[in-house]
Amino acid sequence: MRYINKTLGYCLIAFLISPSLLAAEEAYSLVLEGGRVIDPETGLDAVRNVAIEKGKIVKISQGTLIAKEVVDVSGKVVAPGFIDLHTHSPTKLGQDYQALDGVTTALELELGSYPVDHYGSEIAQKPRINFGSSVGYLPVRLRVKMGLEMSHLVELNSPKPINFKGYITALRSLVSDPDEGTTENASQDERTEIIALLNDGLDNGALGIGLGLDYVSEGVDQAELDMIFDLAASREVPIFIHIRRGINGDPSGLDEAIGQARRSGAAVHICHITHNAMKNTELFLDKIRSAREDGIDVSTEVLPFNAGSASITAAVFKRNWQEVFDISYGDVEWAATGERFNKKMWEDYQDKYPNGQVIHHYVREEWTQRALQEPEVMVVSDLLPMESRDKNVAPHNGAFSKILGVYVREKSLLSLSEALSKMTLLPARRLEKFAPVFKRKGRIQVGADADITVFDPASVINKGTYAQPYQGSAGIEFVIVNGSFVVKNGVLQKHSFPGLRLKKSM
């Protein structure tokens with residue numbers, strides 16, 4: 001009897017530790033095996049295996065992990081998915097090319113939108129990557145002052161609620177021509193309505209307030225600006241501001257924004273610093289650093305491109321643009337052909353092609369490099385609307401892979417961990433104080449959302465150019481959004497749409 005019991009006991013032990021049963025208990029949906037895992041928050045930088053289950057990172061281990069799908073990523077970097085705080089392309093093409101650049105979350109925070117729940121209507125049912133928007137002061141003001149709905153900005157008398165594909169282009173076209181929406185001060189009744197609509201946007205999940213102040217610089221007085229910053233402070237949300245642009249780096253616009261943050265207690269994020277600071281990039285950085293030391297919640301960003309893009313008749317070219325940007329005709333490029341202008345060509349094209357796109361090269365490489373090296377400065381794309389491959393109006397494609405390929409690998413300007421922090425952790429931290437969903441993003445940690453970008457550090461580089469913007473980045477091997485591949489072996493997964501609309505509360 002003892003012999004039988006002992007034998008049964010051995011059998012029971014063998015049964016309990018059966019490899020097949022262990023495999024069944026520990027089998028994850030997906031494991032990324034053997035990659036160099038970098039988590040900017042904890043400082044982890046080591047070869048690890050990463051297990052993913054139900055859209056979350058569930059285990060990070062040196063030991064073997066068993067999964068239904070194991071992907072060998074040895075020799076590759078496993079990083080948090082890139083978070084773009086400043087993009088203007090919630091379109092199918094925009095999401096595709098941002099995914100190919102390693103972006104897992106693309107946000108319209110500078111100009112924002114209204115109504116917020118209409119933002120990204122083209123991709124809302126099938127988002128490739130995560131997306132979201134601030135509530136846009138500019139569309140709210142135009143609605144209040146001129147009765148313009150966002151759909152009207154795209155197609156007058158359109159019965160559709162919104163077609164965002166052409167929204168930014170149409171919006172910029174509208175503000176190119178002075179009118180009561182952009183040049184007149186708001187009355188007290190109009191301010192009351194503006195506040196109500198901004199509150200409505202925040203109540204519906206907006207990720208802060210987008211303030212394109214430079215586009216309505218003439219119309220916004222001190223009282224109206226006070227009102228916007230006071231609202232942001234009371235709602236405890238940041239303002240993402242395109243400051244009033246001065247002549248070749250005049251810091252008065254920055255001083256105004258920091259002064260408002262100091263007065264009101266609101267958090268403020270300064271958009272595309274080099275494109276406003278220009279020759280005074282060092283001065284702007286110093287002012288922001290000093291403000292932070294004084295306890296003011298101010299942050300900024302940089303895009304790794306040294307030009308701007310607009311229509312040839314845009315508002316920026318109706319001012320003394322050569323003095324503002326410290327450039328001349330030869331610094332401006334006709335986007336369709338790459339031709340550079342002279343005075344006669346400029347005047348002819350303004351008459352013949354008023355909606356044609358130009359690229360004005362006014363930011364110097366040394367300014368961009370200086371901003372990139374400043375601690376706490378985030379990386380963005382400022383990607384313009386990608387509507388159609390037939391329309392050559394989408395510069396800034398490939399921003400994140402350019403950082404990794406040019407400024408990390410080729411120039412050694414940043415360490416890999418520093419660069420990744422600017423593209424992942426810092427943007428997540430900027431938002432997580434008021435939008436808790438971002439506490440789970442920008443990290444490779446157990447419990448974090450499985451938004452992950454895997455790239456080859458030896459080959460990653462941007463391919464898109466001003467002349468040929470519709471080219472995917474190289475070296476971005478795998479992109480995972482909420483646990484699902486959207487890029488696999490460098491190929492876009494055409495039928496994968498795991499993205500989510502991200503809101504303040506979710």
Side-chain angles (χ1 to χ4, degrees), residues 85-90 107-120 132-154 162-187 190-202 204 206-221 223-229 231-232 237-245 253 256-257 260 266 268-272 275-276 308 310-311 314-316 318 382-385:
L85 298 182
H86 188 161
T87 180
H88 304 298
S89 195
L107 306 173
E108 165 60 88
L109 300 182
E110 180 206 28
L111 293 182
S113 64
Y114 189 84
V116 173
D117 56 1
H118 287 173
Y119 174 78
S133 169
S134 65
V135 57
Y137 168 77
L138 188 52
V140 163
R141 193 181 207 272
L142 293 174
R143 175 180 176 134
V144 171
K145 293 287 292 180
M146 301 176 65
L148 287 175
E149 302 288 348
M150 289 175 72
S151 56
H152 296 157
L153 298 177
V154 179
I162 181 174
N163 172 6
F164 203 92
K165 182 161 63 174
Y167 166 60
I168 297 298
T169 301
L171 189 61
R172 286 178 167 171
S173 177
L174 177 67
V175 300
S176 295
D177 297 314
D179 51 46
E180 65 271 23
T182 60
T183 61
E184 288 185 1
N185 294 155
S187 68
E190 288 170 334
R191 288 175 186 158
T192 299
E193 188 176 355
I194 288 171
I195 286 291
L197 295 182
L198 291 175
N199 269 312
D200 176 69
L202 293 172
N204 281 283
L207 299 171
I209 298 172
L211 178 55
L213 183 58
D214 192 49
Y215 293 104
V216 287
S217 182
E218 188 177 345
V220 178
D221 60 13
E224 191 168 352
L225 199 59
D226 288 348
M227 174 190 75
I228 302 165
F229 273 83
L231 173 63
V237 299
I239 287 178
F240 299 87
I241 184 171
H242 181 153
I243 62 175
R244 301 186 210 254
R245 190 191 300 275
E256 177 183 54
Q260 281 286 352
V268 63
H269 180 84
I270 309 298
C271 295
H272 43 48
H275 286 64
N276 284 304
S311 72
V316 294
K318 293 183 178 180
D382 197 4
L383 183 71
L384 297 185

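A quick note: this is a predicted structure, and the numbers were derived from the prediction, not measured.
Pairing each heavy atom of Pro139 with each of Leu111, the nearest pair is CD-O, 4.0 Å. Between Ser113 and Pro115, the shortest heavy-atom distance links the atoms OG-O, 4.1 Å. Across Tyr119 and Pro90, no two heavy atoms sit closer than the pair OH-CB, 3.4 Å. Closest approach of Ala206 to Val116, counting heavy atoms only: CB-CG2, 3.9 Å. Heavy-atom minimum distance, Gly219 versus Asn185: O-ND2, 2.8 Å.
The salt bridge (charged side-chain N to carboxylate O under 4.0 Å, His left out) search around Asp214 returns Arg245, Arg319, not counting sequence neighbours. Looking at residues two or more places apart in sequence or on another chain, you find no salt bridge (charged side-chain N to carboxylate O under 4.0 Å, His left out) involving Glu193. Every side chain to side chain contact (heavy atoms under 4.5 Å, CB included) that Ala223 has, sequence neighbours left out, goes to Arg191, Asp221. Contacts of Ser134 classified as side chain to side chain contact (heavy atoms under 4.5 Å, CB included), with partners at least two apart in sequence or in another chain: Leu109. Every residue two or more places apart in sequence or in another chain was checked for a salt bridge (charged side-chain N to carboxylate O under 4.0 Å, His left out) with Asp200, and none qualifies. Shown here are the side chain to side chain contact (heavy atoms under 4.5 Å, CB included) partners of Thr192, two or more places apart in sequence or in another chain: Gln188. Listed by chain and residue number, His269 satisfy the ring-ring contact (aromatic ring centres under 6.0 Å, His included) test with Phe240 (two or more places apart in sequence, or in another chain). For Glu256, the side chain to side chain contact (heavy atoms under 4.5 Å, CB included) partners are Leu213, Leu225, Arg244, not counting sequence neighbours.
Here OG of Ser133 is found 7.5 Å from CG of Leu207. Values are rounded to the nearest 0.5 Å. Of the inter-residue distances, the one linking Ile228 atom CD1 with Ile239 atom CD1 reads 6.5 Å to the nearest 0.5 angstrom. Residue Asp117 holds its CG atom at 5.5 Å from CG of Asn204, rounded to the nearest 0.5 Å.
Applying side chain to side chain contact (heavy atoms under 4.5 Å, CB included) to Val268 and the options Ile241, Leu211, Ile243 leaves one that passes, Ile241.
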### Task
I would like to know whether His242 and His272 meet side-chain contact (heavy atoms from CB on, under 4.5 Å); could you show each step before the answer?
CA-CA 8 Å; His242 181 153; His272 43 48; 3.5 Å; yes

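Here the side chains of Thr87 and Asp382 are not in contact, with every heavy-atom distance at 4.5 Å or above. At a threshold of 4.5 Å between non-hydrogen side-chain atoms, the residues Ile194 and Glu224 count as touching. Leu197 places a side-chain heavy atom less than 4.5 Å from the side chain of Arg143.
Ring geometry for His88 against His86 counts as perpendicular: the plane angle is over 60°, on a 0 to 90° scale with 30° as the lower cut.
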